[in-house]
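From a predicted model like this one, the values you see are computed outputs, not experimental measurements. A note on names: the letters A, B, ... follow the listed sequences, proteins ahead of strands, and every chain is numbered from 1.
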Protein chains: 2
Amino acid sequence: MSRSPLVTVDPPAPPRDLAELSARAQALVGRSVDELERRRSGRDAPGPSRERKGKVGQLVEQLLGASAGSRPEPDFVGLGIELKTLPLDAAGRPKESTFLCSFSLGDAERADWASSGLRRKLAHVLFVPIVHAAGERTIGEPLFWRPSSAQEQILRADFDDLVGLIALGQVEAVTARLGRWLQIRPKAAHGRVRTHAFGLDGELISTIPRGFYLRARVTHALLRDPHTLLDG
Amino acid sequence: MSRSPLVTVDPPAPPRDLAELSARAQALVGRSVDELERRRSGRDAPGPSRERKGKVGQLVEQLLGASAGSRPEPDFVGLGIELKTLPLDAAGRPKESTFLCSFSLGDAERADWASSGLRRKLAHVLFVPIVHAAGERTIGEPLFWRPSSAQEQILRADFDDLVGLIALGQVEAVTARLGRWLQIRPKAAHGRVRTHAFGLDGELISTIPRGFYLRARVTHALLRDPHTLLDG
DNA sequence: TAGGATCCACTGGTGGATCCGT
DNA sequence: ACGGATCCACCAGTGGATCCTA
């Protein structure tokens with residue numbers, strides 16, 4: 001193994017069970033993200049914050065032994081667990097909604113909750129808070145979450161409403177205000193990428209790519225009470 | 001009658017019926033507020049906008065023959081009609097919520113919708129839009145509004161919820177976010193004036209004076225459809 | 001391009017504060 | 001003090017735009 005001023009660390013093997021994954025996540029609590037990053041890369045360069053987008057997620061994936069890469073599958077394949085980092089402010093509130101998956105508008109007609117990738121992703125989630133405070137990022141207490149059946153009803157209702165709207169050709173009526181827990185918002189590598197859907201009269205409509213997101217107020221509530229319903 | 005460079009106009013007698021009031025309001029449509037103001041006062045001085053607060057309301061009251069003054073009663077006594085000017089932006093959207101009446105927190109225990117002054121005020125309202133566009137204020141198309149029974153249910157429910165909260169001593173829980181159509185917000189001549197109420201444990205609580213307001217989105221919807229329910 | 005996320009200009013609403021006239 | 005209203009600083013959420021790695 002090559003040596004550099006900062007020792008690099010090999011990614012661990014995939015965790016064999018939930019207990020092992022949990023133990024690894026616990027071991028990260030309180031650690032500095034910048035320091036972990038330096039150790040992984042062997043380099044010393046935090047860089048401006050907007051050039052760090054997405055890196056935290058991949059760092060934590062590696063540290064926990066997720067099957068890295070862009071597979072259509074759970075981060076921890078054998079366990080069926082999806083990993084999500086969650087940026088929190090100093091007061092413990094999520095700073096952003098959580099991206100779940102992209103959604104091709106053309107798929108709306110075929111989509112149904114029971115067989116959706118979204119449902120599979122949300123079936124079992126490991127949230128790892130990234131606490132932004134005093135100019136530093138620290139890893140927080142992890143949360144394993146499985147939606148209760150009452151919670152899943154909310155998710156499914158949102159999913160049906162949103163997908164239904166699009167299937168009916170009301171693409172332009174889809175706003176981020178819709179959905180109690182879920183929302184559909186833009187998600188694009190470049191603002192000019194277009195995807196397609198069919199409008200009210202069956203005409204082809206070109207829109208920007210979108211994705212499903214979990215509202216920040218929902219993740220906030222989940223951190224405090226994993227069984228929350230937030231209102232009903 | 002004295003002459004001045006700008007002719008002043010005598011306030012008309014109170015309108016005898018709704019038709020007469022309606023005709024007067026119609027006659028103002030499209031007129032410039034500044035010009036009407038100059039004609040009334042005989043002076044030529046619009047002044048900075050923040051020194052004009054409240055004047056529009058009184059100007060229109062005079063022009064329509066309202067029984068001016070701070071009576072606890074409808075602006076048009078015989079007709080039981082309340083006059084409200086409504087500031088609109090260039091797109092026709094209300095710029096502000098509409099002040100309805102002040103509310104002494106101490107009255108909460110006694111208050112009930114059926115006998116409330118608020119209900120009487122809202123029973124029949126003449127809305128006179130003041131359109132703010134291109135640096136000018138113009139009088140818009142008037143709207144006579146009587147709440148439908150479905151609308152009154154919404155108003156009463158809001159009233160009961162808000163007054164109920166206060167009666168229970170939850171004064172500090174009253175936020176402008178509560179209420180579908182109505183809201184309770186601060187209303188004070190000076191920020192330091194205090195009124196009093198009783199807290200959860202019966203202790204005396206000192207709070208700033210508040211009043212009932214009608215949400216801007218409600219007046220907006222009413223202008224487009226006087227029977228709107230806005231959702232249910 | 002897909003998965004991992006964060007940035008940011010804008011806007012609508014909140015929570016008061018303020019102003020006029022009687 | 002009360003009835004007539006408007007002003008404004010701030011904040012949360014929206015609607016995209018942008019960035020990284022594989």
Side-chain angles (χ1 to χ4, degrees), chain A residues 47-62 66 68-73 75 82-87 93 95-102 104 121 130 132 174-178 183-193 195 207-211 213 215-217, chain B residues 47-62 66 68-73 75 82-87 93-102 104 121 130 132 174-178 183-193 195 207-211 213 215-217 220:
Chain A
S49 70
R50 73 136 168 287
E51 290 177 2
R52 283 180 273 171
K53 293 182 187 177
K55 284 188 174 173
V56 180
Q58 283 158 0
L59 169 62
V60 177
E61 279 181 356
Q62 276 200 20
S70 305
R71 311 254 189 58
E73 273 324 305
D75 295 302
E82 175 72 18
L83 173 65
K84 286 291 169 195
T85 59
L86 202 50
R93 280 185 308 256
K95 297 165 71 101
E96 293 281 347
S97 54
T98 301
F99 174 69
L100 300 174
C101 63
S102 49
S104 295
K121 268 197 179 167
I130 307 296
H132 296 235
V174 174
T175 157
R177 263 157 272 198
L178 299 176
Q183 60 180 175
I184 288 185
R185 295 210 288 120
K187 159 70 175 178
H190 322 289
R192 295 200 209 72
V193 175
T195 64
T207 66
I208 56 173
R210 296 161 194 249
Y213 291 76
R215 292 181 181 284
R217 67 163 169 270
Chain B
S49 70
R50 73 135 170 287
E51 290 177 2
R52 284 179 272 171
K53 293 182 187 177
K55 283 186 171 172
V56 180
Q58 284 158 0
L59 169 63
V60 177
E61 279 180 353
Q62 276 201 20
S70 306
R71 311 254 190 58
E73 272 325 305
D75 297 302
E82 176 72 19
L83 173 66
K84 285 291 170 195
T85 59
L86 199 52
R93 280 183 308 256
K95 296 162 74 99
E96 294 280 347
S97 55
T98 302
F99 173 70
L100 299 174
C101 62
S102 49
S104 296
K121 268 198 178 165
I130 307 296
H132 295 236
V174 174
T175 158
R177 263 157 275 201
L178 298 177
Q183 60 180 175
I184 288 185
R185 295 211 287 119
K187 157 73 175 178
H190 324 289
R192 294 203 210 69
V193 175
T195 64
T207 66
I208 55 173
R210 297 162 194 248
Y213 290 77
R215 292 182 181 282
R217 67 163 170 271
H220 187 203

*Selection from dG15(D), dT14(C), dT6(C) that lies nearest to any side-chain heavy atom of Thr175(B)*: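 That would be dT14(C).
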*Of the candidate nucleotides dT14(D), dT18(D), dT14(C), which contains the atom at the shortest distance from the side chain of Arg177(A)?*
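My answer, after comparing the listed nucleotides, is dT14(D).
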Least distance between heavy atoms, [X] atom then [Y] atom:
X	Y	value
Glu82(B)	Lys121(B)	CB-O, 3.5 Å
Ala216(B)	Pro94(B)	O-CG, 3.6 Å
Arg210(A)	Val174(A)	NH1-O, 3.7 Å

[X] has an atom [atom1]; how far is it from atom [atom2] of [N], in whole Å?
X	N	atom1	atom2	answer
Lys84(B)	dG4(D)	NZ	C1'	7 Å
Glu51(A)	dG4(C)	CD	P	22 Å
Glu61(B)	dT22(C)	CD	P	11 Å
His132(A)	dA5(C)	NE2	C1'	10 Å
Glu96(A)	dG16(D)	CD	C1'	12 Å
Tyr213(A)	dG16(D)	OH	C1'	9 Å
Lys55(A)	dT18(D)	NZ	C1'	14 Å
Arg185(A)	dG15(D)	CZ	C1'	7 Å

_Pick the closest DNA chain C nucleotide for Gln58(B) and for Ile184(B) by heavy atoms, then say which residue is nearer the 5' end._
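So the residue in question is Ile184(B).
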Does [N] have OP1 or OP2 sitting under 4.0 Å from an N or O in the side chain of [X]?
X	N	result
Ser97(B)	dG13(C)	no
Arg215(B)	dT14(C)	yes
Thr98(A)	dA5(C)	no
Thr85(A)	dA5(C)	yes

*Which residue, Arg215(B), Arg217(B), Gln183(B), forms the side-chain contact (heavy atoms from CB on, under 4.5 Å) with Ser97(B)?*
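That would be Gln183(B).
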_Polar pair under 3.5 Å, donor/acceptor by atom type, side chain Lys187(B), base dG4(D)_ =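 Between dG4(D) and Lys187(B), which were checked side chain against base, a qualifying N/O pair under 3.5 Å is present.
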*Looking for any heavy atom pair under 4.0 Å, which part of the strands does Gly54(B) touch: base, sugar-phosphate only, or nothing?*
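Answer is base: heavy atoms of Gly54(B) come under 4.0 Å of a base.
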*Report the residue (Arg93(A) or Pro186(A)) whose heavy-atom-nearest nucleotide on DNA chain D is the more 5′ of the two.*
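It is Arg93(A), whose closest nucleotide lies nearer the 5' terminus.
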*To the nearest 0.5 Å, how far apart are CD in Glu61(B) and NZ in Lys84(B)?*
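Answer rounded to 0.5 Å: 8.5 Å.
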